[in-house]
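Notes for the one structure printed next.
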Amino acid sequence: MMNTGHTKSLDAVYANSAREMRQLQDQIRKLEDSVLDIIERQSRPTSDEIKKLQDFDLVWQTLGGLSTFFDKLREQVTQEDQMDIDLATDSVTLQKLRDRLRERQEMFEM
């Protein structure tokens, strides 16, 4: 069994990852609504809409972090049902995403 960081069962890793992807899906839906509103109105975005559109960068960074996380998990594949979550998340640059994947404080905030 690995003991370089804290481990989680694959079931917990999958559940946590699925939650992250559902949050991204919801964020993209909201961004799409904002973009469609701007297009239909055919005017410049309001300052509130511009703030919302900045979430595209957060979604992009989160997807990159999840890709890195899954690459690191893949490197750990063994016959055991445990993954070293600290090792898998060490290269994830978004602190809040890293904390959520590790199931630590403020895990449901983007």
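The figures that follow rest on heavy atoms only: side chains count, while hydrogens, waters and symmetry mates do not. What you see is a predicted model; the values in this text were computed from it and never measured.
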Under 3.5 Å, is there a donor on one side chain and an acceptor on the other for E20 and N16? no
Salt bridge or not for E103 and K8, using N-O below 4.0 Å? yes
Between I85 and L101, which heavy-atom pair has the shortest distance, and what is it? CG2-O, 3.7 Å
Measure the CZ-CG distance between F69 and L66 for me, rounded to the nearest 0.5 Å. 8.0 Å
Can you see which heavy atom on S91 is nearest to which on K72, and at what distance? OG-CE, 3.5 Å
Shortest non-hydrogen pair, R74 vs D71, comes out as NH1-OD1, 3.0 Å
Any side-chain donor near an acceptor of the partner, T89 and R102, under 3.5 Å: yes
With heavy-atom distances below 4.5 Å as the criterion, would you say the side chains of I38 and L53 are in contact? yes
With side-chain contact (heavy atoms from CB on, under 4.5 Å) as the test, would you mind laying out the steps for Q23 and D26 before giving the verdict? CA-CA 5 Å; Q23 287 176 343; D26 188 52; 5.7 Å; no
Has D86 got a side-chain atom pairing as donor or acceptor with H6's backbone, closer than 3.5 angstrom? yes
Identify the two heavy atoms, one from K52 and one from S34, that lie closest to each other, and give their separation to 0.1 Å. CD-OG, 3.6 Å
Start with the C-alpha distance between L58 and L94, add both sets of side-chain angles, then the distance that settles side-chain contact (heavy atoms from CB on, under 4.5 Å), and finish with yes or no. CA-CA 9 Å; L58 180 58; L94 286 176; 4.1 Å; yes
Ignoring hydrogens and angles, state whether a donor on the side chain of Q25 or R22 is under 3.5 Å from an acceptor on the partner side chain. no
State yes or no: do W60 and I50 share one hydrophobic cluster built from I, L, V, M, F, W and Y residues joined by side-chain heavy-atom distances below 4.5 Å, directly or via other members? no
R44 vs E49 side-chain heavy atoms within contact, under 4.5 Å: no
In this structure, CG of L73 is separated from CD of E75 (nearest 0.5 Å) by 9.5 Å
Tell me whether M21 shares a hydrophobic cluster with F56, the cluster being built from Ile, Leu, Val, Met, Phe, Trp, Tyr side chains joined at under 4.5 Å. yes
Do F70 and S17 make a side-chain contact, defined as non-hydrogen atoms from C-beta onward lying under 4.5 Å apart? yes
Just verifying a value: how many Å separate E32 CD and R29 CZ, rounded to the nearest 0.5 Å? 9.0 Å
